[in-house]
Amino acid sequence: MAETIYRKDYQAPSHWVDTVRLEFDLDPESTSVTSTLSVRPNLDLDTPQFDWVLNGESLTLVSVALNGTPLPETAYTLTDETLTLHNIVEPCEVTIVNRFSPQANTALQGIYVSGENLMSQCESQGFRRITYYPDRPDVLARFKVVIRAEKRRYPVLLSNGNPSDARDLDDGRHEVVWTDPFPKPSYLFALVAGNLVCQRELFELKDGRNATLEVWVEPRDLDKTAHTMESLKKSIRWDEERFGLELDLDGFRIVATQDFNFGAMENKGLNIFNARYALANPKVATDQDYANIESVVGHEYFHNWTGNRITLRDWFQLTLKEGLTVFRDQEFSSDMLGEESARAVERIKNVIALRQSQFREDASPMAHPIRPESYQKIDNFYTATVYEKGAEVIRLLQTLLGWETFRKGFDDYIQTNDGNAVTCEAFLEAMERASGRDLKQFKRWYSQAGTPRVTVMTDFDPKTGNYTLQVSQSTPATPGQSVKKPFLIPFPVSFMSETGDPLPVRLVGETTTSTDKRLFELTEERQTFVFTGFDHEPVLSLNHGFAAPIQLEIALNDTEGGMTAEQKTDKHRALQARFERDAFVRWDALNQLMLQSLRELIIHDIPGHHAEPISRTLMDAFDGVINDATISPAYKALLMTLPSETLIGDSLTLIDPQAVAHARQRVRTELGSRYSTSLNELVEANLTRGDYTPDAESAGRRSLVRVGLDYLMAATDKHGQLLACELAENATNLTDRLTGLTMVNQTRLQRKNDLLLKSLREWMSEPLLLNKWLAIIAGGPSMVGEDPVVDRVRELVNCAFVSLKNPNNVYALVLTFFMNNPAEFHRLDGQGYALWLELLEKTDKLNPHVAARIARTLENWRRYTPALADQMYMVLNDVLTRRDEFSPGVIEIVDKALNNPL
Ligand code: PHE
Ligand code: ZN
């Protein structure tokens, strides 16, 4: 049983390491490491500790020496996970020699083989798979790294910092030395060896220095580095201008690998990237890929200050670097878009992602605050909560304090903490100093899990013209937290008339005439706001730009002209869908109308009872959007998109994935056939003609084409189908080709198999493309008369060109199926769950991190109809009863899924 680690148990390290000299003799079968550490006991501890415990996993210890003298075995204790040196009472030099096998390392943590190359991944606890070391983020040391390897096989040898020496050795080997001038924790160590080539540029920094920027790839990928290099230069410039932060090294390197558990890693001066976030050209990358690369390159680069120069005291503080850095990369991406409406589109996409992953997590047995209080495997806490909600919490500060004060606090944070390993308090304290505000209540965002529910009851009094909001907030119980205190929530409010005219936001007793939205703050469980000055009942808008990560419920009073509250809510949403000035609120209104229609359809979907699939109100709103030429294509695409099956499911008391898919399909079909003419026109008008560029404007047009075609497919529109085939076969850009294939895959056209096979043949030898193809199959529907998707996924898993050792293959095929195809995964016959168990077992033996991600796809089992929940319980329980056969990370998830009821 894995032990639980608690935040409250933090203890400062018993010893400090000032310098590290690592000598590597690289060999894929058996690499040897000689590590020389200058060590001193931490005498600031209340009771200094002289046993020095080093972490080490899957290592073979060769020797230990103290100040040059070999230690007898009695001077240390070795276990599977630690090496304890006894009696380290004064500063000394420890030399450890050990070995490990990169080849045998399929977990992809530590140093492993990727293709013909060697790569490292140390966050969070991978360094201990390289050598014995105090593998914790609060031990900061200066690293010097000597790498020796066969020159023909590994001509390029990279590590952190600056290259300081290189020479050839006899016997065909060579040696390269790297020195990193900045003290760092072990999780930021990196090493790369291989036959790599690079795109290199000199880039002038703000202070006039020239930095060498390099993007390292396999030779076959040298035509895919340009966008990554551009993104890196933009990131450096942006951090200088927006946050006043400069690159602190002479060089900055990015390396791409096809084998990587996460997206990318911010190792000091040597970022390692999953190939999907580092390689692009028009043949292998979609609009989304281009955008993702810019944002991930930014993210990792921004970590150089928020994460590396200022690092974490312990892993519970993960959001200190991740939440803040996601916030920074989001700002970067939207600054690169420039235009206000494009920024709004970006914001809405982030909100959709947050609701779909983080809100879901908040409602699960894995729910945790952005700073968790305990964990078994820290690997399981690289979550949407720590990252995306963490970024929202930083955004809340920016909203509450305003940009200028926020920036002042940020600068203070950097200056005060540079070079240190700190806690989340350091950030909040800097914000307190800058603003003069007490952030005690705000801090609850760091300790309370769950999505706050804000309920607003309205009342309009025509006699006084007063409009009253009774606002209450509450946060549902989460595992280990039954009672919650109120949060500090920024609360923007605005009003408009039924003809779309903005109205003043004026509290009783005030004299303002401003019609701009106004920012209030919620601090209590219940609060009342009385606005005044209305001739008629106004239309109320709240939470502009999704100011706070809350679930908002507005209950309108029902005293108007015999309308029910529901009818009035519908009417107001329709008015907002038409007139609202805040792009998020407008989109959300239409989205809620869609969700409402879908929910009604599901709830009343009793056999024999044919409910009208969509209300008149929704139809009118949809109609208004399709034909509104003033709406940008990207925004229109978002406005027209139905909520995903996952989001619809999560809004129900009990999830019945087939009913959800069925309802969504009916609404799509209905809208698709009713508006087929307009949709065809829209698609035609926005088709890409001429050269491809991934800029936001033309990407927006392509996303609109996709949304339009998606409706036309549901309506089996002949013209739409023809166009889909045409795109699948002949589109000159990858985005449109994938749109075409995705659409064709949901038809029963004769040419379907030919088109799918043709693209598979063409794409098989390019991993980036193969993964896209796999995701189309895994995410598609089962068509009558064809094999169900679950069978095709199983077949593909066993194909020679798919490997369970490769995380990207698993994510594209397996996780797409388990996460994004609920109706096909949650089959009543249990085939999906059988596949889940089979793949969990297989991947766990190879890569426990990947397996834990698979495990998480059933954690919400209690939310489903009993027929499904019972079956999920059975497979989960099967895992738990055989707990010794699974990795601790998987067991943590399954155990919490079964035993952490909400
Ligand atoms: N720190 C990385 C990031 O957010 C994510 C990561 C975590 C990568 C663990 C690898 C391993 O940019
Ligand atoms: Zn990060």
Side-chain angles (χ1 to χ4, degrees), residues 20 22 24 26 33 102 105 108-112 114 117-131 133 135-137 139-147 156-163 176-194 196 198 211-217 228 231-232 235-236 239 247-257 259-275 277-278 296-312 315 318 321-322 325 329 379 382 421 849:
V20 180
L22 293 173
F24 286 92
L26 293 178
V33 187
N105 180 0
L108 312 186
Q109 296 175 354
I111 291 179
Y112 60 92
S114 170
N117 311 311
L118 295 173
M119 296 282 158
S120 69
Q121 173 50 47
C122 292
E123 185 176 3
S124 43
Q125 302 180 330
F127 193 73
R128 61 188 64 182
R129 297 166 64 100
I130 296 175
T131 185
Y133 195 78
D135 193 11
R136 43 187 291 165
V139 173
L140 277 67
R142 283 198 179 76
F143 281 65
K144 180 168 189 157
V145 180
V146 181
I147 314 173
V156 175
L157 303 173
L158 308 173
S159 191
N160 317 84
N162 303 315
V176 174
V177 182
W178 290 84
T179 311
D180 185 350
F182 295 94
K184 66 168 174 290
S186 52
Y187 84 87
L188 291 173
F189 169 80
L191 178 149
V192 171
L196 300 168
C198 81
T212 308
L213 309 181
E214 294 167 356
V215 180
W216 289 90
V217 298
T228 303
S231 303
L232 178 58
S235 305
I236 297 176
D239 217 11
L247 177 59
D248 54 11
L249 290 163
D250 304 338
F252 192 87
R253 297 171 179 83
I254 287 176
V255 182
T257 168
D259 303 278
F260 203 75
N261 285 344
F262 284 81
M265 180 62 213
E266 70 263 25
N267 318 300
K268 184 79 187 187
L270 183 59
N271 291 356
I272 298 182
F273 273 60
N274 187 322
Y277 295 120
V296 178
V297 168
H299 181 96
E300 306 310 331
Y301 175 74
F302 304 144
H303 267 316
N304 192 48
W305 281 94
T306 49
N308 301 4
R309 285 287 286 260
I310 299 173
T311 195
L312 312 178
W315 290 113
L318 187 56
K321 75 176 174 84
E322 296 303 347
T325 305
D329 85 51
D379 238 33
Y382 287 78
H849 173 76

Distance (rounded to the nearest 0.5 Å) between [X] [atom1] and [Y] [atom2]:
X: N117; Y: L196; atom1: CG; atom2: CG; answer: 4.5 Å
X: L270; Y: S120; atom1: CG; atom2: OG; answer: 7.0 Å
X: S124; Y: R136; atom1: OG; atom2: CZ; answer: 14.0 Å
X: F260; Y: L108; atom1: CZ; atom2: CG; answer: 9.0 Å
X: F273; Y: E266; atom1: CZ; atom2: CD; answer: 9.5 Å
X: L191; Y: I147; atom1: CG; atom2: CD1; answer: 4.0 Å

Side chains of N162 and T179, donor plus acceptor under 3.5 Å: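 No donor-acceptor contact under 3.5 Å links the two side chains.
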
Residues Q121 and H849: side-chain donor-acceptor under 3.5 angstrom: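 Short answer, no.
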
Could you walk me through whether M119 and D259 pass the side-chain contact (heavy atoms from CB on, under 4.5 Å) check? CA-CA 9 Å; M119 296 282 158; D259 303 278; over 6 Å; no

Are [X] and [Y] packed together at the side-chain level, in the sense that at least one heavy-atom pair is separated by less than 4.5 angstrom?
X: V255; Y: V217; value: no
X: V177; Y: V145; value: no
X: T228; Y: Y277; value: no

Applying ring-ring contact (aromatic ring centres under 6.0 Å, His included), name anything that partners Y112, two or more places apart in sequence or on another chain.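 Per chain and number, Y112 pairs via ring-ring contact (aromatic ring centres under 6.0 Å, His included) with no residue.
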
Treating [X] as the side-chain partner and [Y] as the backbone partner, does any N or O pair qualify as donor plus acceptor under 3.5 Å?
X: N105; Y: Q109; answer: yes
X: N160; Y: A190; answer: yes
X: S235; Y: Y301; answer: no
X: T325; Y: T306; answer: yes
X: T131; Y: F127; answer: no
X: D250; Y: A211; answer: no

Shortest non-hydrogen contact between [X] and [Y], atoms and distance:
X: C122; Y: S186; value: CB-O, 3.7 Å
X: S231; Y: V297; value: C-CG1, 3.8 Å
X: L249; Y: G161; value: CD2-CA, 4.3 Å
X: V33; Y: L22; value: CG1-CD2, 4.2 Å
X: A193; Y: L157; value: CB-CD2, 3.6 Å
X: C198; Y: W216; value: CB-CD2, 3.4 Å

Could you go step by step and tell me if F252 and E214 meet the side-chain contact (heavy atoms from CB on, under 4.5 Å) rule? CA-CA 6 Å; F252 192 87; E214 294 167 356; over 6 Å; no

Parallel, tilted or perpendicular: which describes the rings of F143 and Y133, with under 30° parallel and over 60° perpendicular?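 Ring orientation of F143 relative to Y133: tilted.
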
Any chance you could lay out the side-chain contact (heavy atoms from CB on, under 4.5 Å) test for V20 and F189, step after step, and finish with the verdict? CA-CA 11 Å; V20 180; F189 169 80; over 6 Å; no

Just one of L318, L188, N267, D379 clears the side chain to side chain contact (heavy atoms under 4.5 Å, CB included) bar with E123, so which one?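 In the set L318, L188, N267, D379, the residue that makes a side chain to side chain contact (heavy atoms under 4.5 Å, CB included) with E123 is L318.
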
Relative to F182, does K268 satisfy both conditions: NZ or CZ under 6.0 angstrom from the six-membered ring centre, and within 45 degrees of the ring's axis?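 Yes, a cation-pi geometry.
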
Can you check ring pair (Phe, Tyr, Trp, His ring centres under 6.0 Å) on F262 and Y382, steps first, answer last? CA-CA 10 Å; F262 284 81; Y382 287 78; 5.4 Å; yes

Is there a side-chain hydrogen bond (donor to acceptor under 3.5 Å, both in side chains) between N308 and H303? Walk through the geometry before answering. CA-CA 6 Å; N308 301 4; H303 267 316; 5.3 Å; no

Would you sort out whether N304 and L247 count as a side-chain contact (heavy atoms from CB on, under 4.5 Å), showing the intermediate values? CA-CA 8 Å; N304 192 48; L247 177 59; 4.3 Å; yes

Electrostatic pair R142:D180 at N-O distance under 4.0 angstrom: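 Not counted as a salt bridge, because no side-chain N and carboxylate O are separated by less than 4.0 Å.
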
